[in-house]
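This report concerns only the one structure given below.
Only heavy atoms go into these numbers, but all of them, side chains included; no hydrogens, no water, no symmetry mates. Residue numbers start from 1 in every chain, and the chains themselves are labelled A, B, ... in the order their sequence lines are given, proteins ahead of strands.
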Amino acid sequence: MRNSKAAEEIISVGIDIGTSTTKLVISRFSLMNMAGTSHVPRIEIIDKEVIYESPIFRTPLLSATEIDMNEVEKLVVSQYEKAGISAEEIKTGAVIITGETATKSNAQEMIHHLSDHAGEFLVATAGPDLEGIIAAKGSGAHAYSEEFNKTIANIDIGGGTANTAVYRNGELLGTCTLHIGGKLIEMRDDRIQYISPALENVCSRLGVSLEIGSLYAELDSKKITDYMASVIARMLRKELTDADKDLLLGHEPSWEGNIDTIMFSGGVSECIYKLEKNDEEARAMYGDIGMLLASSLTGSTDLSEWQWLAPNETVRATVLGAGTQTTEISGVTIQVDTDVLPLKNLPVYNIDFTNDFEHGMQKLPALIEEGVQIFDPNREGQNFALYLSDVPLIGFRDIQRLARTIVEAAQKKPVPRQPLVIVLERDLAKALGQTINTQYKEQSAVCVDQIRVEHGDYLDIGRLLQSGVVPVVVKTLAFH
Amino acid sequence: MDLDPTLVEKVTKLVLSKLEEPTSNEPSTEEQEVKIWNHQTASPEATTISSSAKEENVDGNVAFSPFPTEGRTVKRVKEPAESSDHGHPHKKHNVKQEEAPSDELKELMSKTPARIGVGRVGPRPKTNTWLKFRYDHAAAVDAVSGEVTGSILDSLKLFTVQTKVTDNDIYIRRPDYGRRLSDEAKKLIKETCKFQPEVQIIVSDGLSSKAVEENVEDVYLSLEQSLNSLGFDVGTPFYIEKGRVAVMDDVGELLQPRVVILLIGERPGLVSAESLSAYMCYEPRHGTIEADRMVVSNIHSGGIPPVEAGAYLGSVVEKIMKYEASGVSLVQKEQ
């Protein structure tokens, strides 16, 4: 549905390069001023309309360890053409590389190449926690938790990994990633062609001997997928055994409290819910244990202790999340040096004023220096964003002091005149940015507010839109 | 209007001390019972408490000064310490009655400064809620009748002129007087102010002197910085006592600026008595229609921060100058 009253429309794209499949989604966001006429405008995304969904492609690989970059780029370009849009029209979006694909030798190169060439502000994202978060937003789990005040775990199982994100009331409680997926064992012509090294210990413990080239026996594989389903159940209960931890990728479950409801998304959930219309062939062609794993999940008594909820999206949850749920809109009263935008991948350094301005001012210079040491230890000029939180309501004279202190402290950075990127929790960005512009003309600065970030997040800031706001993508990695 | 504040305080204290006296001292009053419905729980049960429990709520909670400055937070009734509990067997009911609100209600309460979820006793609000209401109402009345102190105007180098209003009563009853400058004012403005500047800033107390005292310094300094950095020629600012929004038309006639910005106190409400508005108009003259004025309202500590508002107003002026229009005409030209 298009809203005729929208002030502005922007095109967003999401690209998901997964272990087994690659897909793309293009959507149109409508922005509108939601504040009353006598108030300072507040621009919000009021509508998101998916205008193009690509078919599900097999992820092009050059070898077991290398992604075929040319093929991926060709694929993306061909889909843009089909959708009738050009890369220049794309104002925001994210490309995410997920599951085992993220471990390929040229994964980094691939994602940054696409981020630079497939749109002017396409954010590169990766990492198992972020995958889980984005999938939970695309599947509808996040929205459900917000609407019904429930604790829900979204388990996105693709070819290589199962990424879990737990939400309550719209708030992220924690994440966990397991080495569980449909493509950990692959077959061709009834013979086993590939076994993921992650399964080695599991096989020997279950007394299953699988060898490459040997005849595929469903019974043996079923033992493995049944085990996987039970590990997922123990993960949800936060009762992973030491043996289970062979399948753990990264940290243990990081949420507090119990889960009410579970939702499965990803390729394996497609085998359960069959939401894709033309995917019958695709499923057959997978030649892996995806179907088997799906039947182990549905048959598991362990997993039946939770309420199951069908996802809005299965295999497309992550791409939809990346394309429609990653972009935020800044406040209107901001001050940005348009020449330096877009800015990508800035680590966020939080300076907490704890509502005490004088105290905050005292420690500010030392903290900025500390930020340089953390994010740019070799003094190569890696920039970072300052996030000023819990700043009390300050007046004009204090804004002047704040500007001076920050600009002076920033002179000690390896590249002194690097653009200053400041994110404020309080609605003070315009006043601060304007003061820096007026008092220190040679200092370029980007000051934005009304964006929620945390220490350790990564921040991408797009170009100024007509409405006077900037699109911002915050990549939360703050889960330990 | 002319109530003696010390007298008011004296009387109130008298009433309260009366309330604080133990009921037993009062001759021959029967213990009245009050039923309390707790609307925050699903339980339809009403608890019955004796009249002396009412004092419990009042006791120790009435503070005349200073009242919490963050007027938005609803002060919850605090239970007196356990030790003061002796001899009040009904106390247990009272504890139950103070159950914390549910998560859903808390969320709703966090989203609005309106007085929701504050409970009630029988058909009336709780004492604290009622006192808070009276306090906020009194603050609103004070804001309307108060005067802006000279020091803030001096520090911003604003000289003062009058409208045709002679006293507060007339100001309320004759809005048209507040829209016209006095003859002395016109003379002084002509003598003192720069003629035909691009931007003319004026300040007026309007319906809230408190709004000007609390916010005008930061808005003004930030706006001045913003206009200077945008390269606008700013006229000589001044303060108009007891003005209304349309007084800017008189100023427009006299000085003929391109844009007038009037920083004026808003009609106080029960959430904030110190909210400031910035009215802007392109070439205001006698006969300017209201649709051509535009406003940024809600400038105070709980709305848009004053210093941020000043910075933002600069960009609004920039737009007005670019399109040579304000208000509805500006919106039409922008499309």
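Among the candidates Ser229(B), Gly314(B), Pro305(B), the residue making the largest number of heavy-atom pairs closer than 4.5 Å to chain A is Pro305(B). Here Ala429(A) is the residue among Gly433(A), Ala429(A), Gly468(A) with the most heavy-atom pairs under 4.5 Å with chain B.
For a residue to count as touching a neighbouring chain, one of its non-hydrogen atoms must lie under 4.5 Å from one of that chain's; by this rule Gln335(A) does not touch chain B. Only the side chain of Asp449(A) comes within contact range of chain B, judged by heavy atoms closer than 4.5 Å. In this structure, the portions of Asp427(A) lying under 4.5 Å from any heavy atom of chain B include both its backbone and its side chain. Only the side chain of Ser315(B) comes within less than 4.5 Å of a heavy atom of chain A; its backbone N, CA, C and O stay farther away. Both the backbone and the side chain of Leu428(A) come within contact range of chain B, with heavy atoms under 4.5 Å apart. Both the backbone and the side chain of Pro41(A) come within contact range of chain B, with heavy atoms under 4.5 Å apart.
Listed for the Glu44(A) side chain is no donor-acceptor partner under 3.5 Å among the backbone atoms of Met34(A). Between the Ser326(B) side chain and the Asp292(B) main chain, a donor and an acceptor come within less than 3.5 Å of each other.
When each of Ile422(A), Ile334(A), Val340(A), Thr338(A) is checked for a side chain to side chain contact (heavy atoms under 4.5 Å, CB included) with Val446(A), only Val340(A) meets the rule.
Between the side chains of Thr435(A) and Gln225(B), at least one donor N or O sits under 3.5 Å from an acceptor N or O. A side-chain donor-acceptor contact under 3.5 Å links Gln400(A) and Gln439(A).
Ring-plane geometry between Phe148(A) and Tyr144(A) is classed as tilted, the angle between the planes lying from 30 to 60 degrees on a 0 to 90 degree scale.
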